[in-house]
Student: 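Have a look at the structure that comes next, please.
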2 protein chains.
Amino acid sequence: MNSDAILEINKALSNTTRLEILKWLKDPEANFPPHLELGHFDFGVCGQNIQDKSGLSQPTISHYLSVMHKAGLLIPTRHGKWTYFKRNEKIIAEYIKTLNKEL
Amino acid sequence: MNSDAILEINKALSNTTRLEILKWLKDPEANFPPHLELGHFDFGVCGQNIQDKSGLSQPTISHYLSVMHKAGLLIPTRHGKWTYFKRNEKIIAEYIKTLNKEL
DNA sequence: ATTATATATAACAAAATTTTAATGTAAGCA
DNA sequence: TGCTTACATTAAAATTTTGTTATATATAAT
């Protein structure tokens with residue numbers, strides 16, 4: 001992972017809410033109500049539920065989720081009118097591994 | 001290490017120059033000219049040399065070094081008219097360990 | 001077809017960050 | 001003492017980030 005990618009992730013994670021979101025998504029069962037339609041968290045958690053938990057406005061969270069997606073931290077999946085967001089564990093692991101080596 | 005400390009370090013490392021400085025200080029011999037007065041890098045590298053390498057103005061680097069110090073990443077040592085800056089390896093290791101566990 | 005829901009985008013205001021020029025301070029040297 | 005060097009602080013401008021309201025879009029429900 002190159003320096004630009006590291007820097008973009010650092011920026012994404014230099015905001016309280018975005019850092020919280022990444023942690024919440026580690027354990028959707030513990031942090032979110034169940035998805036009535038889907039019945040599982042295989043694609044992560046829908047934007048609506050993330051927004052509810054954050055207390056911020058819908059456009060703010062939509063933007064934050066987009067920032068985290070662009071940084072590679074989240075994988076969005078559109079399903080009907082919902083977009084689910086899942087952690088990108090591979091990128092997160094690579095990020096920490098690179099920090100370990102280069103920081 | 002608590003979330004506020006993590007967040008402050010993430011902010012400190014979300015700037016290209018500051019991230020570079022932390023990396024440069026990993027190997028002063030490779031990245032900086034020798035200290036004529038001191039003859040060693042036991043206290044790290046003086047602000048002047050860091051500024052020269054960065055290409056940014058003196059006040060900018062002074063401010064950046066202060067930000068990194070406040071985040072716990074650097075240890076400053078005043079010695080005559082020079083201030084030397086050394087990596088705080090303990091905090092850096094703790095930071096990465098916490099990311100490993102909580103991110 | 002109309003209405004409601006989930007999300008995205010646009011436009012914008014407030015706050016924080018980035019960076020410089022100017023100035024202050026403290027130590028060393030002529 | 002006066003000059004120079006290293007660094008810190010202040011003031012200020014330009015840019016970025018944060019977050020909102022308003023609006024658009026797409027899907028689902030009635």
Side-chain angles (χ1 to χ4, degrees), chain A residues 4 7-22 25 28 32-39 41 43-71 73-86, chain B residues 4 7-21 25 28 32-38 41 43-71 73-86:
Chain A
D4 282 358
L7 211 63
E8 197 174 353
I9 293 180
N10 284 350
K11 275 193 187 179
L13 298 183
S14 68
N15 168 286
T16 317
T17 304
R18 290 192 300 257
L19 186 61
E20 287 297 294
I21 289 171
L22 199 67
L25 291 178
F32 296 97
H35 285 135
L36 302 175
E37 290 257 328
L38 228 52
F41 290 112
F43 300 118
V45 177
C46 70
Q48 183 59 61
N49 286 1
I50 296 172
Q51 191 216 316
D52 287 348
K53 187 158 178 104
S54 76
L56 293 177
S57 73
Q58 184 269 318
T60 298
I61 294 304
S62 178
H63 178 229
Y64 280 6
L65 292 170
S66 150
V67 164
M68 295 174 79
H69 168 49
K70 274 170 197 146
L73 292 167
L74 298 182
I75 300 166
T77 310
R78 189 84 197 223
H79 198 278
K81 59 178 169 172
W82 290 278
T83 307
Y84 298 95
F85 293 88
K86 186 171 63 167
Chain B
D4 283 357
L7 212 64
E8 198 174 352
I9 293 179
N10 284 350
K11 275 193 188 183
L13 299 183
S14 69
N15 169 287
T16 317
T17 304
R18 290 193 300 258
L19 186 62
E20 287 297 294
I21 290 172
L25 292 177
F32 297 96
H35 285 135
L36 301 174
E37 291 257 328
L38 229 52
F41 290 113
F43 301 119
V45 178
C46 69
Q48 184 59 61
N49 286 0
I50 296 172
Q51 192 216 314
D52 287 348
K53 187 159 178 102
S54 76
L56 293 177
S57 72
Q58 184 270 318
T60 299
I61 293 304
S62 178
H63 178 229
Y64 281 7
L65 292 170
S66 150
V67 164
M68 294 174 80
H69 168 47
K70 274 170 197 147
L73 292 166
L74 297 182
I75 300 166
T77 308
R78 188 83 197 224
H79 199 277
K81 58 178 171 169
W82 291 277
T83 307
Y84 298 97
F85 294 89
K86 184 172 64 170

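Worth knowing before you read on, the calculation uses all heavy atoms, side chains too, and leaves out hydrogens, waters and symmetry mates. Per chain, numbering begins at 1; letters A, B, ... match sequence-line order.
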Student: Taking only residues two or more places apart in sequence or in another chain, which ones pass side chain to side chain donor-acceptor pair (under 3.5 Å) with A:Thr16?
Tutor: none

Student: Can you see which heavy atom on B:His69 is nearest to which on B:Leu74, and at what distance?
Tutor: ND1-O, 3.3 Å

Student: Just the rounded figure in Å: distance from P of D:dT17 to CD of A:Glu8.
Tutor: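 Rounding to the nearest Å, CD of A:Glu8 and P of D:dT17 are 10 Å apart.
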
Student: Using whole Å, what does the distance between atom P of nucleotide D:dT17 and atom CG of A:Leu13 come to?
Tutor: 14 Å

Student: At under 4.0 Å between heavy atoms, how does the protein contact nucleotides 4-11 of chain D? Give one character per nucleotide, 5' to 3', with B, S or -.
Tutor: -BSBBB--

Student: Could you walk me through whether B:Asp52 and B:Phe32 pass the side-chain contact (heavy atoms from CB on, under 4.5 Å) check?
Tutor: CA-CA 10 Å; B:Asp52 287 348; B:Phe32 297 96; over 6 Å; no

Student: What's the angle between the local helix axes at either end of the helix from C:dA1-D:dT30 to C:dA30-D:dT1, using five pairs per end and rounding to 10 degrees?
Tutor: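 Rounded value for the end-axis angle: 0°.
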
Student: Nearest whole Å is fine: how far is C:dA27 C1' from B:Glu37 CD?
Tutor: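 These atoms are roughly 11 Å apart.
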
Student: Ring centroids only, cut at 6.0 angstrom: are B:Tyr84 and B:His35 within range, meaning strictly under it?
Tutor: yes

Student: Test of understanding: with side chain to side chain donor-acceptor pair (under 3.5 Å), list the residues that count as partners of A:Ser57, not counting sequence neighbours.
Tutor: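 Side chain to side chain donor-acceptor pair (under 3.5 Å) check on A:Ser57 returns A:Thr60.
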
Student: Could you pull out all residues at least two apart from B:Thr83 that satisfy side chain to side chain contact (heavy atoms under 4.5 Å, CB included)?
Tutor: B:Pro76, B:Arg78, B:Phe85

Student: Nearest-Å distance, CZ (A:Arg18) to C1' (D:dT16)?
Tutor: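 Result: 12 Å.
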
Student: Using residues 7-14 of chain A as the side-chain source, report each donor-acceptor pair under 3.5 Å to any protein atom, sequence neighbours left out, with the distance given to one decimal.
Tutor:
unit_1, atom_1, unit_2, atom_2, d
A:Asn10, OD1, A:Tyr95, OH, 2.6
A:Asn10, ND2, B:Leu13, O, 2.8
A:Ser14, OG, A:Lys11, O, 2.8

Student: Does C:dT19 have its OP1 or OP2 closer than 4.0 Å to a side-chain nitrogen or oxygen of B:Asn15?
Tutor: yes

Student: Side chain of B:Ser54, backbone of B:Gln51: donor and acceptor closer than 3.5 Å?
Tutor: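 Checking the backbone N and O of B:Gln51 against the side chain of B:Ser54, a donor-acceptor pair under 3.5 Å is found.
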
Student: Over how many whole Å does the gap from A:Ile21 atom CD1 to D:dT18 atom C1' extend?
Tutor: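 Whole-Å distance recorded here is 13 Å.
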
